[in-house]
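Just below is one structure, and these are the notes that go with it.
Only a predicted model underlies this, so the values are computations on that prediction, with no experimental measurement involved. Letters A, B, ... mirror the listed sequences (proteins, then strands); counts begin at 1.
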Amino acid sequence: MSYYVQGILILAMYNAIAVVGLSIFTGFTGLMSLGHAAFIAIGAYTAAICTKLYGISFIPALLLGGLMAGLVSLVIGIPTLRAKLRSDYFTIATLGFGEAIRVLLENLPITQGARGLPGLYPHTTFPVVLTVFVIVVFVCKNFVFSRYGRMAIAVREDFVAAEMAGINLFNIRLRSLFFSAVCAGIAGGFQAHYLTYIQPSMFTGVQSTLLTASVVAGGMGSLTGPIIAALVFAAIPEVLRVASMWRLVAYGAILVAIMVFRPQGIFGYKEFTFKGAWHALKHLYEKLSGKKAAGQGGTKA
Amino acid sequence: MQMLMQTLVTGLAVGGIYALMAVGYSLIFSILNFSNFAYGGIIMLGSYMGFYSLTLLKVPFAAALIISMLGAALLSFLNERIAYSSLRKRHAPSLYFMISAMGTSIFLENMVYATIGSDYNAYPAIFKQSSVSIFGSTIGKLDLFAIIFSLIAIYIMNYFIQHTRTGIAIRAASYDSEVSQINGVNLSAVIGLVFVLAGLLAGVSGVFLGMKYMAYPTMGWITNKAYISAVIGGLGSLPGAVTGGLILGVLESLVSVYVSSLLRDVFSFTFLIVLLLVMPSGLFGKYLEEKV
């Protein structure tokens, strides 16, 4: 595999790690965060400071980054989730939180302010990212099909009914937030050691928005949908380098179009399977090849 | 004491613009019950319209203000018709509205970035760099004009909503859209009107922001302050939005002077979160719990 393709895949996969984590939070509890770039930033800075200043080896540093992001998520999560803020208020609180973290990174001595941390060792290699990616997806899948995952889905669908059925809203939401922050932190560690430098300006509200956008575009309540969206969103700008200025314009338009025409996201609650894809293709072929399929009421993909 | 007065006056001047933005934003929230993140993009485009009317068309300031108000109102109206009206008819959850709004905001901001460019455009000097002194503290003429005009605009808006027939329809719709429809309120028209009103305010705030800080594609981030002001005051409450805007402006200017201008934003966000913990619906919030 060429070096270039590997680069794109690494980028796409660490993005997907953050997105799949966020899909556990937004997609399965229905709360929207506009501050997840802050968790990526915390993971990136923690991992970078560990390897650069304290000489800790990469994998423990990565895990420390994830853990740190998770702990910080509790700082914002415990008060806001316990207060059961309206979802709009929660979203704006996360937006404010994300900006506050960025301002702090710009002003703390250990993060070297706006200059950032240059000269990190490029630890992020293809096999490492792939392994972690597979592990994260596996854990997410198990989470969704566990008791907690079922409870999270109940909370998303109707939190009043879920609470009446005895589900502790605060517990479920906080767990999902913690988990998503850990994933974001790990993705941050990878990003830092892939680009070999980090600056606070990399972790803006736009990045938070794009993470949420991938989850929504892929389908809230699906795991494979957001992963595919993240891979596509990360790969497209690399392939279309020329059009990079227009890529965010397209993102915006796509988001609106999805909400207007297909609000359940590309995959909705469904998961991508090869069998499903085969049926969808067959259905499409029958549709295109004439009226033959019309009477048979085609297979559902 | 002198310094404190000066800080308060500066804070109120900034707070006036925050209040203006927060009112438009809160107005939309009160009727559709979601955070219109696209509002920042509309304000930004309003600011560009004002800038180009002044520099390319060379119209007088009052005309530029009107052009940008009308332009922003039109954009705001189109924004509703394209991005929200179909969601509204489907009774989609507010999360979907927010995402659609976010998409619009990303779209508008980057559209400007890709077509006009990322330059900072300074408005031509309309008010000479002179200042007047009130109670021994000085205030720039621009700031003074901005705060007076903001307060007048907010007052007119409030009068319209409280005392006219259409205003009553808007309030009825924001209270219960189903029942108001049964009583003969044309909901679609009322919502369109609310977006036009919010757009008018966006045009004014865009021009003032442009005069104060220049016009550039990412100037929409300043509207984060409007969201925060509106949440402090309680989403959906117009007096709350004004109070929240003024409080935030004064708080920021106090922190800049007495603590650190770098940490200003950290303080405002911390203040927001602490306030929400104490008063989960803001100062004058209407709804504590989400509508079921």
Side-chain angles (χ1 to χ4, degrees), chain A residues 26 30-32 34 76 79-80 82-93 95-104 106-107 113 156 158-161 204-206 209-210 212-213 215-217 220 243-261 263-264, chain B residues 29 33-35 37 41 82-87 90 92-111 113-115 218 221 224 227-228 230-231 235 260 262-274 276-278 280-282 285 287-290 292:
Chain A
T26 297
L31 285 174
M32 190 158 94
L34 289 181
I76 175 83
T80 51
R82 192 181 288 284
K84 279 195 205 159
L85 295 182
R86 283 181 46 99
S87 57
D88 308 81
Y89 288 60
F90 179 81
T91 305
I92 291 177
L95 181 87
F97 167 76
E99 291 298 308
I101 291 287
R102 195 166 55 82
V103 174
L104 275 181
E106 275 170 8
N107 292 292
R156 179 195 62 198
D158 189 335
F159 62 90
V160 177
T204 57
V206 175
T209 311
L210 289 181
T212 307
V215 173
V216 174
M220 285 187 289
S244 69
M245 282 189 101
W246 290 93
R247 123 186 164 237
L248 285 167
V249 179
Y251 277 152
I254 290 171
L255 268 191
V256 176
I258 288 177
M259 282 300 110
V260 171
F261 298 112
Q264 67 272 46
Chain B
F29 185 91
N33 244 305
F34 79 102
S35 299
F37 291 114
I82 295 170
Y84 311 136
S85 67
S86 68
L87 293 176
R90 260 202 324 258
S94 73
L95 182 66
Y96 289 2
F97 281 92
M98 273 200 271
I99 292 162
S100 193
M102 222 164 64
T104 314
S105 158
I106 298 175
F107 176 80
L108 292 177
E109 195 172 287
N110 290 287
M111 198 59 160
Y113 190 68
T115 51
T218 50
W221 72 266
N224 282 352
Y227 305 151
I228 291 171
V231 173
L235 279 172
S260 149
L262 290 172
L263 293 179
R264 189 190 67 195
D265 289 357
V266 178
F267 268 83
S268 10
F269 296 133
T270 316
F271 174 70
L272 168 79
I273 291 172
V274 171
L276 282 181
L277 296 182
V278 184
S281 56
Y287 318 107
L288 187 61
E289 294 283 326
E290 217 144 332
V292 181

Side-chain heavy atoms of B:Leu276 within contact of A:Thr80, under 4.5 Å: no

- prompt: Between CG of B:Leu272 and CZ of A:Phe97, what distance do you get to the nearest 0.5 Å?
  reply: 13.0 Å

task: Sort out for me which of B:Ser86, B:Ala114, B:Ala101, B:Ala83 touches chain A most, counting heavy-atom pairs under 4.5 Å.
output: B:Ala114

B:Asn224: which of A:Ile92, A:Leu34, A:Leu95 passes side chain to side chain contact (heavy atoms under 4.5 Å, CB included): A:Leu95

- request: Could you pull out the closest heavy-atom pair between A:Val260 and B:Arg90, with the gap in Å?
  value: O-NH1, 3.1 Å

field: Portion of B:Phe107 that has a non-hydrogen atom of chain A nearer than 4.5 angstrom
entry: both

field: Heavy-atom side-chain contact between B:Ser35 and A:Thr91 under 4.5 Å
entry: no

task: Provide the closest heavy-atom pair for A:Ala93 versus B:Ile273 in the form atom of the first, atom of the second, distance.
output: O-CD1, 4.1 Å

query: Roughly how far, to the nearest 0.5 Å, is CE of B:Met98 from CE of A:Met259?
result: 11.5 Å

message: List the residues meeting side chain to side chain donor-acceptor pair (under 3.5 Å) with B:Glu109, not counting sequence neighbours, and say none if there are none.
response: none

query: ring-ring contact (aromatic ring centres under 6.0 Å, His included) with B:Tyr227: which residues, sequence neighbours excluded?
result: B:Tyr25, B:Phe37

field: Among B:Val231, B:Ile228, B:Ile99, residue most engaged with chain A (heavy-atom pairs, under 4.5 Å)
entry: B:Ile99

- line: Whatever's closer than 4.5 Å to a heavy atom in chain B on A:Ile76 counts as side chain

